[in-house]
Asks: 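A single structure is presented below for examination.
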Number of protein chains: 2
Amino acid sequence: MHELTARQAEILAFIREHLASEGRPPTRPELARAFDLTSTNGVQKHLMALAAKGAIELIPNAARGIRLLQEAGLPLVGRVAAGSPVLAIENVLGRYPVDPSMFNPRADYLLQVRGLSMRDEGILDGDWLAVHRTSEARNGQLVVARLGNDVTVKRLKVRGTKAELIPANPDFQTLHLDLTRDSLEIEGIGVGVIRNLTAAVAPPARKVHRL
Amino acid sequence: MHELTARQAEILAFIREHLASEGRPPTRPELARAFDLTSTNGVQKHLMALAAKGAIELIPNAARGIRLLQEAGLPLVGRVAAGSPVLAIENVLGRYPVDPSMFNPRADYLLQVRGLSMRDEGILDGDWLAVHRTSEARNGQLVVARLGNDVTVKRLKVRGTKAELIPANPDFQTLHLDLTRDSLEIEGIGVGVIRNLTAAVAPPARKVHRL
DNA sequence: CCGGCAGGTGATAATGTTTTCACCATGCAC
DNA sequence: GTGCATGGTGAAAACATTATCACCTGCCGG
């Protein structure tokens with residue numbers, strides 16, 4: 001999908017909100033009113049641009065025939081490849097119908113937790129950690145941190161230039177960092193945990209495309 | 001909300017499905033086609049009946065102006081009052097935007113877990129257990145069981161007429177039951193766990209009515 | 001300095017959709 | 001058996017919505 005222009009992103013956001021608050025997509029006149037356009041044709045062109053870029057699908061001759069694509073839920077991030085951004089395509093295992101607003105602050109993605117380093121806080125191997133993307137974390141928060149090429153989930157403690165990444169399992173060691181030397185990048189904070197109790201991970205429940 | 005007739009329930013179910021699969025509510029002609037009605041007026045009457053019973057809201061003069069009411073997510077059940085059905089109104093704390101199809105089998109409600117009897121499986125006090133409503137459970141499954149007036153979450157083990165409800169915490173005792181004497185009602189099986197890591201429980205994220 | 005793209009106005013035809021007429025049949029409670 | 005709720009047909013008017021025409025502006029890169 002090509003990059004959207006600022007205007008197109010605004011319009012896409014409005015469609016998303018309308019869908020959430022009204023339960024149906026907007027019409028072109030509704031969009032025109034929302035953006036103070038006097039002609040529905042301006043809207044139509046934006047919609048066609050969004051459709052061309054793969055952000056939406058337009059169903060011909062259907063009232064409110066606007067369908068959001070690739071909007072179903074949050075991406076599930078598996079093992080993070082060394083050096084790659086967390087949300088890089090190669091790390092994403094699929095999309096799952098989790099409502100971002102279920103957690104506070106909003107969840108941006110799901111991270112599949114590996115290992116038992118947070119076992120005593122009830123976070124087990126394979127659990128999904130709902131992560132709010134931010135580079136700012138406060139003392140005591142559960143953070144998704146990047147240390148060099150590794151991504152890890154721990155409790156954060158900061159004192160001046162010293163930082164600690166504290167596991168919740170006596171079998172694991174607390175990581176002591178000197179912020180004047182070591183690089184500590186916060187990828188986000190953990191806002192929720194989701195565990196599937198039955199069998200293997202189900203395939204994404206909501207299909208993105210339709211033929 | 002009054003009870004729906006079988007026909008009305010069918011139509012409501014179709015609207016729900018259409019919304020999930022197409023991303024927008026159906027029109028009256030679409031409903032008529034789906035139910036082999038030759039006139040949209042038959043549909044219209046059903047819709048008005050559903051609206052009168054509070055199942056949907058009809059927005060006048062709006063294409064696809066059908067809005068589902070009380071359909072936002074799953075009910076969260078708190079402490080279950082003695083002797084009352086799990087889903088009795090007095091037990092429901094609110095509705096939360098959890099997609100039932102996120103788990104397999106489908107989640108029917110969320111049960112707020114009390115106590116630490118399943119701690120070693122990573123189910124902590126206050127966690128939400130996604131429950132699939134069924135009276136049949138297999139050996140080894142996590143069950144929501146009713147023992148007299150109490151509702152409890154444990155692993156189930158059955159051998160002939162003997163049943164065990166096994167906690168995951170050495171501080172708690174396994175419950176031994178003789179099915180010829182004791183009553184063991186299975187309310188459902190646990191299919192998932194959801195934990196909110198940040199502060200207090202957020203209010204329901206999606207309003208149900210709109211004025 | 002010119003072509004192309006994003007973002008517009010304004011108008012209209014064609015189509016989709018809601019709403020309301022009048023009328024009919026069945027089952028069930030009182 | 002009469003009244004009422006439910007579940008229908010068929011048709012038409014009114015309104016909502018999509019789609020497409022012609023034409024305009026400003027910005028940017030070659």
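Below, read A as the first sequence line, B as the second, and so on, with proteins coming before strands; counting in each chain starts at 1.
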Asks: Check whether any side-chain nitrogen or oxygen of B:Thr40 sits under 4.0 Å from OP1 or OP2 of C:dT17, and answer yes or no.
Replies: no
Asks: Grab the CG-P distance between B:Asn41 and C:dT17 for me, whole Å please.
Replies: 17 Å
Asks: How long is the line joining CG of A:Leu47 and P of D:dA19, in whole Å?
Replies: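 Computing the A:Leu47:CG to D:dA19:P distance gives 10 Å.
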Asks: Could you give the CD1-to-C1' distance, from A:Ile11 to C:dG8, as a whole number of Å?
Replies: 11 Å
Asks: From the set C:dT17, C:dG7, D:dT17, return the single nucleotide nearest to any side-chain atom of B:Thr27.
Replies: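 Ranking C:dT17, C:dG7, D:dT17 by closest atom to the B:Thr27 side chain puts C:dT17 first.
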Asks: When the nearest nucleotide of DNA chain C is assigned to B:Met48 and to A:Gln8 on a heavy-atom basis, which residue is associated with the more 5' position?
Replies: A:Gln8
Asks: Between A:Arg33 and A:Gln44, name the one whose nearest nucleotide on DNA chain D is closer to the 5' end.
Replies: A:Arg33
Asks: Using whole Å, report how far CZ of B:Arg64 lies from P of C:dG16.
Replies: 11 Å
Asks: Tell me, with the steps shown, if A:Glu22 and B:Arg67 meet salt bridge (Lys or Arg N to Asp or Glu O under 4.0 Å).
Replies: CA-CA 7 Å; A:Glu22 308 297 320; B:Arg67 164 191 276 244; 3.6 Å; yes
Asks: What verdict does the salt bridge (Lys or Arg N to Asp or Glu O under 4.0 Å) test give for B:Glu164 and B:Lys154, after you've listed the backbone C-alpha separation in whole Å, the side-chain angles of each residue and the deciding distance to 0.1 Å?
Replies: CA-CA 9 Å; B:Glu164 292 178 21; B:Lys154 298 282 186 305; over 6 Å; no
Asks: Using 0.5 Å steps for rounding, measure from the CG atom of B:Leu129 to the CZ atom of A:Arg195.
Replies: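 Going from CG on B:Leu129 over to CZ on A:Arg195, the span is 10.0 Å.
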Asks: Do B:Leu165 and B:Val143 come within less than 4.5 Å of each other through their side chains, counting heavy atoms only?
Replies: yes
Asks: Nearest heavy atom decides the nucleotide; on that basis, is B:Lys45 or B:Ala63 closer to the 5' end of DNA chain D?
Replies: B:Lys45
Asks: Specify the separation, in whole Å, of atom CG of B:Leu58 and atom P of D:dA16.
Replies: 16 Å
Asks: How close or far is atom P of D:dG7 from atom CZ of B:Phe35, stated in whole angstroms?
Replies: 11 Å
Asks: Does B:Thr38 put a side-chain nitrogen or oxygen below 4.0 Å from OP1 or OP2 of D:dG10?
Replies: yes
Asks: Give a yes/no answer on whether the side chain of A:Arg7 brings an N or O atom under 4.0 Å of OP1 or OP2 in C:dA6.
Replies: no
Asks: Output the rounded distance in Å from CG (B:Asp36) to P (D:dG10).
Replies: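 It works out to 13 Å between those atoms.
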Asks: Rounding to a whole Å, what distance do you find between B:Ile59:CD1 and D:dA16:P?
Replies: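 Computing the B:Ile59:CD1 to D:dA16:P distance gives 14 Å.
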Asks: Can you see if the side chain of A:Arg28 gets near the phosphate of D:dT17 - specifically, an N or O under 4.0 Å from OP1 or OP2?
Replies: no
Asks: Classify A:Leu37 by what it touches in the nucleic acid, base, sugar-phosphate, or nothing, heavy-atom distance under 4.0 Å.
Replies: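 The residue A:Leu37 makes sugar-phosphate contact but no base contact.
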Asks: It should be established whether B:Lys53 places a side-chain nitrogen or oxygen under 4.0 Å from OP1 or OP2 of nucleotide D:dT6.
Replies: yes
Asks: Answer with yes or no whether B:Ser39 presents, from its side chain, a donor or acceptor under 3.5 Å of a partner atom in the base of D:dG10.
Replies: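 Counting by modelled atom types and ignoring angles, a donor-acceptor contact under 3.5 Å is found here.
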Asks: Describe the nucleic acid contact of B:Ala62 in one word from base, sugar-phosphate, nothing, applying a heavy-atom distance below 4.0 Å.
Replies: sugar-phosphate
Asks: Taking the inter-plane angle between the rings of B:Tyr96 and B:Trp128 on a 0 to 90° scale, is it parallel (under 30°), tilted (30 to 60°) or perpendicular (over 60°)?
Replies: tilted
Asks: Counting only side-chain N and O atoms of B:His46, is one of them less than 4.0 Å from OP1 or OP2 of D:dT6?
Replies: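 False: B:His46 side-chain N/O out of range (4.0 Å or more) of D:dT6 OP1/OP2.
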Asks: Please check if any side-chain donor atom of A:Asp178 sits under 3.5 Å from a side-chain acceptor atom of A:Thr180, or the reverse.
Replies: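 Side chains of A:Asp178 and A:Thr180: pair found under 3.5 Å.
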Asks: Does the C:dT15 base have a donor-acceptor partner in the side chain of A:Asn61 within less than 3.5 Å?
Replies: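 Flag unset: no donor-acceptor pair detected.
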